[in-house]
Amino acid sequence: MSDPPPVPLLALRGIGKAFLGVRVLDGIDLDVAPGEVHAVVGENGAGKSTLMKIISGVHVPDGGSIEFAGEPRAFRGPRDAQRAGIGMIHQEFTLLPERTVAENVHLGHEPVRRGLVDRRQMLHHTRQLLASIGESALPADARVSRLGIAQQQVVEIAKALALDARLLIMDEPTAALADHEVELLYGLVRRLQQRGIGLLYVSHRLTEVFDLSDRITVLKDGRRMTTLRTADTTADELVRHMVGRELSSYYPDRADPADLGPARLTVRGGGNRKLRDVDLELRGGEVLGVGGLQGSGRSALARAVFGAAPFTTGEVTLDGVPVRLRSPRAAIRAGVAYVTEDRKGEGIVARQSVLDNALLASRAAVAARSGRAARATRIRELLAAVRVRAAGDDQEIRFLSGGNQQKVVLARWLMLSPRILLFDEPTRGIDVGAKSAIHDLVRRLARDGAAVLMISSELPELLGMSDRIIVMRDGRIAGELPAGTTEKDVVALAVGSVEAAA
Amino acid sequence: MQTVQRPPLPLRLLRVRPGGLVPIIALLAVLLILVAVRQPDFFAPPSLMSFLGRSAPIILLAAGQYFVIVSGEFDLSVGALVTAQVVVAARLIDSEPAHTWPVVLLLLGFGALVGLVNGLITTRLRVPSFITTLGMLLILLGAVYLWSDGAPKGGLSDEFRRFGRWAFEDVPVLGRVPYALIVLLAFAALAVLVARSDFGRTLIAVGDNPRTAELSGVRVWRHRTIAFVLSGVAAAVAAILIGGYSGVSFQAGAGLEFGAITAVVLGGVALGGGRGSVVGAMLGALSLELLFALMNFYGVSGALRSTVQGAIILLAVAVSAPRSSSR
């Protein structure tokens with residue numbers, strides 16, 4: 001392990017935070033020295049963003065202390081932290097696109113002369129600032145909307161420096177960058193380091209973490225697992241700290257390979273804005289797990305098959321027949337169903353009844369061939385079969401628990417007897433009981449001949465449910481793993497610490 | 001489905017759920033009592049029948065507006081559309097009885113077309129419907145002024161005017177039953193059928209959450225466009241009744257769009273969509289007309305009408321708005 005640096009710029013001791021009684025951070029210690037790049041890594045939900053929000057003053061911790069530049073601090077808001085010298089560079093930029101670089105850099109603290117904004121002074125100061133971080137090529141008077149993503153990021157950083165930031169928090173700074181732009185960012189980070197600025201670098205990508213950082217802190221389930229000197233560790237060791245949890249819960253039996261049917265869905269060379277070179281085969285009777293980090297293209301894959309954000313290149317076949325699914329409606333009519341990860345935002349119609357929610361797709365996409373009475377009988381059977389608990393099928397769905405809402409969404413799709421089911425985080429935000437009910441249901445659907453694709457960020461679920469796992473990274477399928485693989489293998493593929501033959 | 005803690009039936013009927021009919025029926029009852037106290041002979045068949053006949057256009061417009069509002073949009077163009085229809089009808093019929101039926105059909109088609117244009121501009125060009133239909137309002141008014149050189153031309157035939165003006169005489173008990181009331185009942189029944197159809201149910205889902213609807217296979221743009229068409233057709237029917245009842249003028253439809261929106265809101269339909277019933281919307285229109293009648297009985301100036309409408313909209317929205325911001 002490592003010794004704390006002599007004079008830490010930032011020192012956290014015992015930071016804890018709970019939301020609605022759920023503990024998301026517990027006893028976190030962390031130091032950042034001036035001129036140090038300190039990386040923070042961990043799986044989705046490990047508590048990285050919450051920790052960064054506490055340091056940047058967005059959240060107030062429940063316990064523990066924050067020292068900044070040797071003084072104890074209690075930030076009451078982001079502006080408080082900014083004034084103290086902590087700058088946060090978000091994944092999504094907060095720049096005003098129709099203003100110039102200089103205006104953005106000085107937003108809220110414009111130099112004033114005789115009651116008017118002193119534009120010359122503002123431009124001059126911006127140029128100086130950009131030159132001091134080796135970015136004099138960036139025009140201070142250009143409109144931000146004209147700049148590329150990488151240049152906008154430089155503006156964000158300059159904006160923080162204009163407020164005399166001594167600590168910069170960078171949250172997934174390379175997520176939106178092209179490969180050659182990442183190199184430019186590396187250079188910038190090193191120049192900031194030379195100026196004595198401390199950097200907290202949050203990233204999923206281990207390559208960057210190893211290229212840039214001096215030390216690495218691993219978070220898992222809201223706790224600090226360890227802090228390592230980058231020079232003394234390996235990707236392998238890091239991944240081991242990030243996972244390592246026992247498989248305790250029960251999952252239904254996997255499919256017998258002999259029972260698998262022919263390919264129901266194939267994708268060859270599929271691509272769009274978020275996906276590249278996707279080759280995929282999904283057979284009847286199997287549950288294909290999809291792993292990967294957030295933003296790796298997992299949801300994009302499901303949405304491409306479902307026609308919500310269609311493939312722009314490549315070929316798709318359903319049961320051997322080439323198809324072009326250009327809209328959700330087309331996909332639904334072809335026998336594809338999609339259970340979205342954002343249940344509240346696009347899975348339910350919150351103020352409508354359980355019945356109206358369950359009938360939505362049937363009413364919208366297919367003519368009621370067998371008549372409305374037969375349909376009503378069938379949906380009531382299905383709601384009973386998936387064991388929805390409600391005060392009646394006329395109750396508004398928003399009053400149901402997450403698990404029961406999800407069961408209604410399932411019933412909606414089961415009405416259409418789909419051939420292919422795409423599940424995106426099917427058990428997110430669902431209590432344990434409903435979770436295993438949904439697992440059983442997913443497996444039963446596969447056993448009845450449907451082809452199931454299931455995205456999950458929860459590794460035990462992914463490993464427990466899948467007959468096969470593909471792992472996505474940067475919009476591609478990074479590799480495929482058989483049933484019975486380990487969490488470590490999945491994470492290693494997801495963060496790119498190994499290259500598997502896909 | 002496992003049913004839990006279901007209250008007994010009488011309690012369930014009393015349960016006030018947002019968008020339900022209980023508040024509007026209660027309001028209607030209060031208004032009826034107030035009228036009964038002040039003006040008992042209002043309920044004599046002749047005056048009641050005539051009141052219902054006069055209220056038919058605004059009730060029809062409220063039904064049309066319901067479909068648009070429940071899908072999450074607005075239709076501000078219906079008042080101007082009524083004016084345009086009446087003026088156009090007068091000029092095309094030019095007091096010639098033989099022109100009556102072709103012109104009636106033409107008006108229905110014109111109403112549908114205006115609705116279609118409103119719908120397509122809103123959904124395909126993504127112009128907010130508030131702006132689309134405000135623009136349509138101005139275009140329609142400007143166009144009829146231009147087309148008729150500032151004064152309505154021609155005249156309506158008696159055959160045309162009978163819809164809004166005539167009645168079945170000597171009906172047992174009721175006495176005189178206006179044609180307008182029959183037209184209203186027929187279209188109201190139609191509106192209820194549409195609202196209960198698959199289209200009507202998915203239309204509410206569109207207003208509640210268009211993303212979910214889209215991902216469940218609803219063609220959101222098509223649904224909303226049809227809603228505008230229904231509103232346009234409702235305006236055409238209303239125009240035929242109004243032209244018959246009050247004759248040709250540039251003021252024929254003035255302010256009706258706000259009357260319809262007030263009525264719909266009063267009937268428990270949520271602005272922004274996703275909640276409410278067409279029966280509620282129509283009862284809302286009836287209540288609004290009753291309120292105006294009551295103001296009249298109590299000698300309140302008719303000039304206060306728009307103030308009252310504005311207050312109702314603000315109140316109804318404030319009362320039904322979710323209190324917490326925990327969304």
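From a predicted model like this one, the values you see are computed outputs, not experimental measurements. Lettering of chains follows the sequences in order, A, B, ..., and the numbering in each one begins at 1.
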Decide side-chain hydrogen bond (donor to acceptor under 3.5 Å, both in side chains) for B:Thr212 and A:Glu346; before the verdict, give the C-alpha distance in whole Å, the side-chain angles of both, and the deciding distance to 0.1 Å. CA-CA 4 Å; B:Thr212 301; A:Glu346 51 181 42; over 6 Å; no

Checking A:Ile348 against chain B: side chain, backbone, both or neither under 4.5 Å from a heavy atom? backbone

Winner by heavy-atom pair count (cut-off under 4.5 Å) against chain A, out of B:Pro210, B:Ser216, B:Gly274, B:Ser197: B:Ser216

Reference residue A:Phe306; test ring pair (Phe, Tyr, Trp, His ring centres under 6.0 Å); the match among A:Tyr338, A:Phe423, A:Phe311: A:Tyr338

Criterion side chain to side chain contact (heavy atoms under 4.5 Å, CB included) against A:Glu425, the qualifying member of A:Arg343, A:Met454, A:Glu341: A:Glu341

Side chain / backbone / both / neither for A:Ile332 at chain B, heavy atoms under 4.5 Å: side chain

Whatever's closer than 4.5 Å to a heavy atom in chain B on A:Arg333 counts as neither

Salt bridge check, B:Arg224 against B:Glu73: does any charged N sit closer than 4.0 Å to a carboxylate O? yes

